[in-house]
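Report on the following structure.
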Number of protein chains: 2
Amino acid sequence: MPPKDFISALEVAQRAGVSRSAVSRTFTPGASVSAETRKKVTDAAEALGYHVNELARGLMRNQSGIVCLIVSDVATPYRSALLRELTGKLQNAGKVAMLINTDRSDGSVDRALSQAIRYRADASIILSGLPDASIVRLCLKNGQRLVLINRDDDEPGPLKINLDDFEAGERIVTAFARAGCKSLAFANSDAGTPSLMGRERGFVAAATRLGLEVSVERYGWTGYEAGRVLAQRFLTRPRRPDAVFCATDLLACGFMDAARHQFGISVPDQLCIAGFDDIEQASWLSYGLTTFAQPVAEIAAKAVRWLSIDENGNDTGSHSARLTAELVWRTSIRAG
Amino acid sequence: MPPKDFISALEVAQRAGVSRSAVSRTFTPGASVSAETRKKVTDAAEALGYHVNELARGLMRNQSGIVCLIVSDVATPYRSALLRELTGKLQNAGKVAMLINTDRSDGSVDRALSQAIRYRADASIILSGLPDASIVRLCLKNGQRLVLINRDDDEPGPLKINLDDFEAGERIVTAFARAGCKSLAFANSDAGTPSLMGRERGFVAAATRLGLEVSVERYGWTGYEAGRVLAQRFLTRPRRPDAVFCATDLLACGFMDAARHQFGISVPDQLCIAGFDDIEQASWLSYGLTTFAQPVAEIAAKAVRWLSIDENGNDTGSHSARLTAELVWRTSIRAG
DNA sequence: GCCGCCTTTGCAAGCGTGTGCAAAGCTTGC
DNA sequence: GCAAGCTTTGCACACGCTTGCAAAGGCGGC
């Protein structure tokens, strides 16, 4: 069996007894074809198992229909949830998603990105906290539409989707205060991405405003293990905090587990904990984590909608959206 | 700024003072170019910001370099871990991953798949338990290489990667028996995929062989919530099991949480629990789940290696690999 | 009946690349 | 110095598709 023998529009045309153009027009929305020829063509195409060659079409139109998703930490609950939403919505919009994994620190990132450019992707969506601004410039320079999620690059052109991180930090302080907490802690990763730092700044600002004791630790990556380490640091202090806001749900899970199982601390009686993202595990019985929900569906919808609008020619120019993270109450903070 | 103005090999050729073929050959591995012209070309390409148009190249070669990943439940810990490994390794192999999300039950799956065919993907890797065999046939018919992970279709041609599910089911019975358990339970989803059923059959077979009491429940999807429901079913029985094997770690987490927090049962003292997959959460302090580890890295490596071998012309034909899932001991089963 | 208009159709010119073929240039051995 | 052999280079065609252009056909209004 010959591994590749796709049938071309020409063969369909011959079988249908029409010209090659007619076939092409049949599969081009908005082209002028009579109902009769369209029928003949689709019948022949069906019989032969014809599929438009999107490579050739993209070559002509100079527009590939490919959207590439640039993402690190794919296996993380929050990222994979966002990925699910994005791919689903892109498919519904008739686009196709190319996945670029920026986990590896070697040259594979650049290689993959350049690959995306070589495939003439129409757009890129960057979900990664990766701080490399040159990637952004490269995409823009090559005529790609760009969506930045939870980043803060200043380059004009891309759609920037951000959350109200600072305000979330402030709001959770109020919740802690209402629960009677006096000594506040912020557990952060040392990744230093703008969203994480925004939460931290809001938290610290609000705490000092209320005259509450507050301290910050930063360590490692935003995962479970780092949460445990941060708990170690906070809970071995002479004066333990009675409330901690973790920059991430994963950090919060690690923190809570360490507090309970290594230090025998009862949550929320002796320690209130809050997180950010609302990953699935936050709702599990073992955690019942009060946390801020990232509106992943809304983020994905906004991104895809913007890409589609743009496609229709309206140059929407630089734009930015600011969504709010809603606080989901569970059981890791005492009632007020 | 014109949104799209890529520069072509022709422009590079003119700037470098060579023919367009020379440019083409410079970027084609194994082609005959002198070091001198190669230098001139790469310099010019660099200066102009040239990127080979992979669409045109794919059109000529009839081979796109695209591998499409067909996956459902992307946001699930096990799936996203596998996805991470696959995309990383594909990138290293110089291929590019196209992601197709089969979560939606409407027509978008077929549409997306047909899109993959229209992009002339060289291969597809199916990680989804989706039982639709017509997809398999469609891929094969269109000359794609195919890798099936944890499925059991009979079609010849694809590489099939499977685990020793049956044996795992048997092995865990031994572990339970050694822990002194007498009344065994198997908590399954009702998805009925071959890997899940394999674990169940092995478990039941070994248990009856040892003369141990064993019973099975199947419910819902393979997630956390189903685990809670299954716990409800088993633990409200007049005679409770003292050991349960969950077909999936997610099921096990839900089961364990329900057992502890809703029924006040102590794990592993009153109830031993084991899972399958070794997702990250299995190692979290709240669970300490003894479970079988899916060798995701090895699975991904095998899949990608096979794709690359194939590319070099050796028609490896139908092939199948059987990997073993190693039992990771934690604290959810009593010591023997 | 003729003219203008609108819809449908075919022709052919591209899109950016790979590659067979032949010519040219260079090396080697005598 | 010359023929044979190898390497390098350019030409031109092919890949499968879209689309502007013009020709053809259908239709109504005068």
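Every chain is numbered from 1, with letters handed out A, B, ... down the list of sequences.
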Nearest whole angstrom, please: distance from the [atom2] of [N] to the [atom1] of [X].
X      : N      : atom1 : atom2 : result
A:R118 : C:dG16 : CZ    : C1'   : 14 Å
B:H51  : C:dT17 : NE2   : C1'   : 16 Å
B:L10  : C:dG14 : CG    : C1'   : 13 Å
A:R25  : D:dC21 : CZ    : P     : 13 Å
B:E36  : D:dT7  : CD    : P     : 18 Å
B:R57  : D:dG16 : CZ    : P     : 18 Å
B:N62  : D:dC15 : CG    : P     : 10 Å
A:F6   : D:dC17 : CZ    : C1'   : 15 Å

- Message: Checking A:R120 against B:H51 for the side chain to side chain contact (heavy atoms under 4.5 Å, CB included) test, could you report, in this order, the C-alpha distance in whole Å, the side-chain angles of both residues, the deciding distance, and whether it holds?
- Response: CA-CA 9 Å; A:R120 302 298 191 256; B:H51 299 267; 4.0 Å; yes
- Item | Pairing of B:K39 and B:E36 as salt bridge, 4.0 angstrom limit | no
- Answer yes or no: is there an ion pair linking A:E85 with A:K89, defined by an N-O contact shorter than 4.0 Å? yes
Select base, sugar-phosphate, or nothing to describe what [X] touches, counting heavy atoms under 4.0 Å on all strands.
X     : answer
B:S8  : sugar-phosphate
A:S21 : base
A:V23 : nothing
A:F27 : nothing

[X] side chain near [N] phosphate (N/O to OP1/OP2, under 4.0 Å):
X     : N      : answer
B:S34 : D:dT7  : no
A:S24 : D:dT18 : yes
B:T28 : C:dT17 : no
A:S32 : C:dT8  : yes
B:Y50 : C:dT17 : yes

Among the nucleotides [options], which one has an atom lying closest to any side-chain atom of [X]?
X     : options                : answer
B:T37 : C:dT17, D:dT9, C:dT9   : D:dT9
A:A22 : C:dG10, C:dC15, D:dG10 : C:dG10
A:V33 : D:dT18, C:dT9, C:dT17  : C:dT9

- Item | base_contact_polar (C:dG18 base, B:R20 side chain, donor-acceptor, <3.5 Å) | yes
- Heavy-atom donor-acceptor pair, B:R120 side-chain to D:dG16 base, under 3.5 Å: no
- Message: Does A:Y50 form a ring pair (Phe, Tyr, Trp, His ring centres under 6.0 Å) with A:F6? I'd like the steps, not just the answer.
- Response: CA-CA 8 Å; A:Y50 169 72; A:F6 291 102; 10.0 Å; no
- Task: Would you mind reading off the bend of the helix from C:dG1-D:dC30 to C:dC30-D:dG1 from its two end axes, five pairs each, to 10 degrees?
- Result: 40°
- CD/B:Q115 to SG/B:C68 distance, rounded to the nearest 0.5 angstrom? 10.5 Å
- Query: Under the 3.5 angstrom rule, does the side chain of A:R79 hit a backbone N or O of A:L127 as a donor-acceptor pair?
  - Reply: yes
- Query: Would you call A:N162 and A:N150 a side-chain contact if the rule is heavy atoms closer than 4.5 Å?
  - Reply: yes
- Query: Heavy-atom distance under 4.5 Å between the side chains of A:V74 and A:S80, does that happen here?
  - Reply: no
